[in-house]
Amino acid sequence: MKVVKKDVLYEGRIIRLCKYYVETPDGLQERDIVEHRGAVAMLAFVDDKKILLEYRYRPALDKHIYELPAGILKPGESVEECAKRELLEETGYEAGTVEHLISFYPSPGYTNEMIHIVVMRNLVRKEKPQAEMSPEEKYMEIREVSIDDALEMIRKGEIVDGKTIIGIMSYLMFKR
């Protein structure tokens, strides 16, 4: 099977909605696909036990949720460059080290988005740059939470964001 044609139905700042035409043994099939540049989420340690979490409003859910700091890759930008830029813009911290943890497709049935999770350490407080922020970013809260408390928050359903759960669980499985 393979994609033989695609039509762009909508192009926005973050996503592009396309109709893919897929050649299959049963003939040509149509699929609605969301194209995305990819993103980076940061498991940023302020010390040996505490990570940074954002508490922010998400309009798609119409509620506040906890998430790892994260951002969208710019064209041509490396995962490490994106992680450093986004961490500084969102939290006011600069990281001394960045280590790749895991990459995954959150929902390959309808999007090509790949999320990269990195572990960042040796954080230093800096002045936040004057970046263009959405209202949700302007009013989000940054919280320091122990990795054990974050695990308990997942268990209790207080952390429901997929990239955050995958990042924390992957760290506990592979790095602890």
Side-chain angles (χ1 to χ4, degrees), residues 12-15 17 32-74 77-123 131 133-176:
R13 185 178 66 82
I14 296 173
I15 63 157
L17 177 61
D32 296 330
I33 302 294
V34 175
E35 294 182 347
H36 191 284
R37 288 192 306 267
V40 180
M42 293 79 74
L43 199 61
F45 282 85
V46 291
D47 61 29
D48 287 341
K49 295 183 180 177
K50 289 186 181 173
I51 60 170
L52 298 175
L53 288 180
E54 297 174 347
Y55 186 67
R56 64 187 299 173
Y57 177 76
R58 287 298 192 182
L61 307 175
D62 193 24
K63 66 180 182 178
H64 286 78
I65 64 170
Y66 289 97
E67 297 180 37
L68 292 176
I72 297 167
L73 286 157
K74 291 182 177 180
E77 186 176 46
S78 73
V79 168
E80 184 174 332
E81 290 167 336
C82 179
K84 287 182 173 184
R85 175 181 53 77
E86 288 287 345
L87 186 71
L88 183 60
E89 287 176 4
E90 292 189 1
T91 70
Y93 280 98
E94 205 168 72
T97 62
V98 179
E99 178 187 2
H100 179 265
L101 179 61
I102 193 168
S103 297
F104 65 96
Y105 294 106
S107 195
Y110 72 88
T111 182
N112 66 349
E113 178 185 18
M114 177 175 275
I115 298 177
H116 308 275
I117 309 281
V118 298
V119 176
M120 303 179 89
R121 296 187 185 277
N122 305 316
L123 302 188
M133 287 196 233
S134 68
E136 298 87 37
E137 289 174 324
K138 280 183 190 175
Y139 301 109
M140 69 184 169
E141 298 173 30
I142 304 299
R143 299 189 180 171
E144 294 181 12
V145 176
S146 78
I147 198 81
D148 291 329
D149 287 346
L151 183 61
E152 183 64 13
M153 291 169 74
I154 292 169
R155 191 188 70 71
K156 289 180 176 177
E158 295 170 10
I159 293 177
V160 294
D161 174 60
K163 70 184 174 303
T164 301
I165 294 169
I166 289 171
I168 291 166
M169 299 301 281
S170 295
Y171 175 80
L172 291 171
M173 287 173 56
F174 304 134
K175 296 292 182 184
R176 190 175 233 190

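The shortest side-chain heavy-atom distance between Ile51 and Leu68 falls under the 4.5 Å cut-off. Here the side chains of Phe104 and Ile166 are in contact, with some heavy-atom distance below 4.5 Å. Considering only heavy atoms from C-beta on, Ile154 stays 4.5 Å or farther from Glu152 through its side chain. Using a 4.5 Å heavy-atom cutoff, the side chains of Val145 and Lys50 are not in contact. Counting heavy atoms from C-beta on, the side chains of Lys63 and Ile65 come closer than 4.5 Å. Under the 4.5 Å side-chain criterion, counting only non-hydrogen atoms from C-beta, Glu54 is in contact with Glu90. Inter-residue side-chain proximity for Leu151 and Met169 is flagged as met; some heavy-atom pair is nearer than 4.5 Å.
Looking at Arg58 and Glu67, a side-chain N of the basic residue comes within less than 4.0 Å of a carboxylate O on the acidic one, giving a salt bridge. The existence of a salt bridge linking Glu77 and Arg37 is excluded, since no basic side-chain nitrogen approaches an acidic carboxylate oxygen closer than 4.0 Å.
The shortest non-hydrogen separation linking Tyr105 to Glu113 is CD2-O, 3.2 Å. Minimum interatomic distance between Gly109 and Ile33 (heavy atoms only, all atoms of both residues): O-CD1, 4.3 Å. Of all heavy-atom pairs spanning Met120 and Ala95, the tightest one is CE-CB, 3.5 Å. Residue Leu52 comes nearest to Pro69 through the heavy atom pair O-CD, 3.4 Å, listed as atom of the first residue, atom of the second, then distance. Shown here for Glu86 and Ala70, the closest heavy-atom pair between the two residues is OE1-O, 3.6 Å. Between Leu123 and Ala44, the shortest heavy-atom distance links the atoms CD1-CB, 4.0 Å.
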Starting from the C-alpha separation in whole Å, work towards a yes-or-no answer on side chain to side chain contact (heavy atoms under 4.5 Å, CB included) for Ile159 and Ile168. CA-CA 10 Å; Ile159 293 177; Ile168 291 166; 4.2 Å; yes
Stepwise side chain to side chain contact (heavy atoms under 4.5 Å, CB included) test for Lys175 and Leu101: CA-CA 9 Å; Lys175 296 292 182 184; Leu101 179 61; 3.7 Å; yes
Does the pair Ile117 and Tyr171 meet the rule for a side chain to side chain contact (heavy atoms under 4.5 Å, CB included), with working shown? CA-CA 10 Å; Ile117 309 281; Tyr171 175 80; over 6 Å; no
Check against side chain to side chain contact (heavy atoms under 4.5 Å, CB included), His36 and Asn112: CA-CA 6 Å; His36 191 284; Asn112 66 349; 4.0 Å; yes
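With rounding to the nearest 0.5 Å, the separation of CZ in Arg56 from CD1 in Ile142 is 8.5 Å. To the nearest 0.5 Å, the span separating CE on Met153 from CG on Leu53 amounts to 6.0 Å. The line from CD of Glu35 to CD1 of Ile14 is 15.0 Å long, rounded to the nearest 0.5 Å. Here Arg85 contributes atom CZ and Leu73 contributes atom CG; the two are 8.0 Å apart, rounded to the nearest 0.5 Å. Expressed to the nearest 0.5 Å, how far CD1 of Ile102 lies from NZ of Lys163 amounts to 15.0 Å. Rounding to the nearest 0.5 Å places CD of Glu94 at 11.5 Å from CG of Asn122.
Counting heavy-atom neighbours within 6.0 Å of Asp48 CG, excluding the residue itself, gives a total of 12 or less.
No donor-acceptor pair under 3.5 Å is formed between the side chain of Thr111 and the backbone N or O of Ser107. Looking only at distances, no side-chain donor or acceptor of Asp161 sits under 3.5 Å from a matching main-chain atom of Tyr66.
Ser103 and His116 form a side-chain donor-acceptor contact under 3.5 Å, judged by distance and modelled atom types alone.
Ring to ring, Tyr55 and Tyr139 are not that close: their centroids are 6.0 angstrom or more apart.
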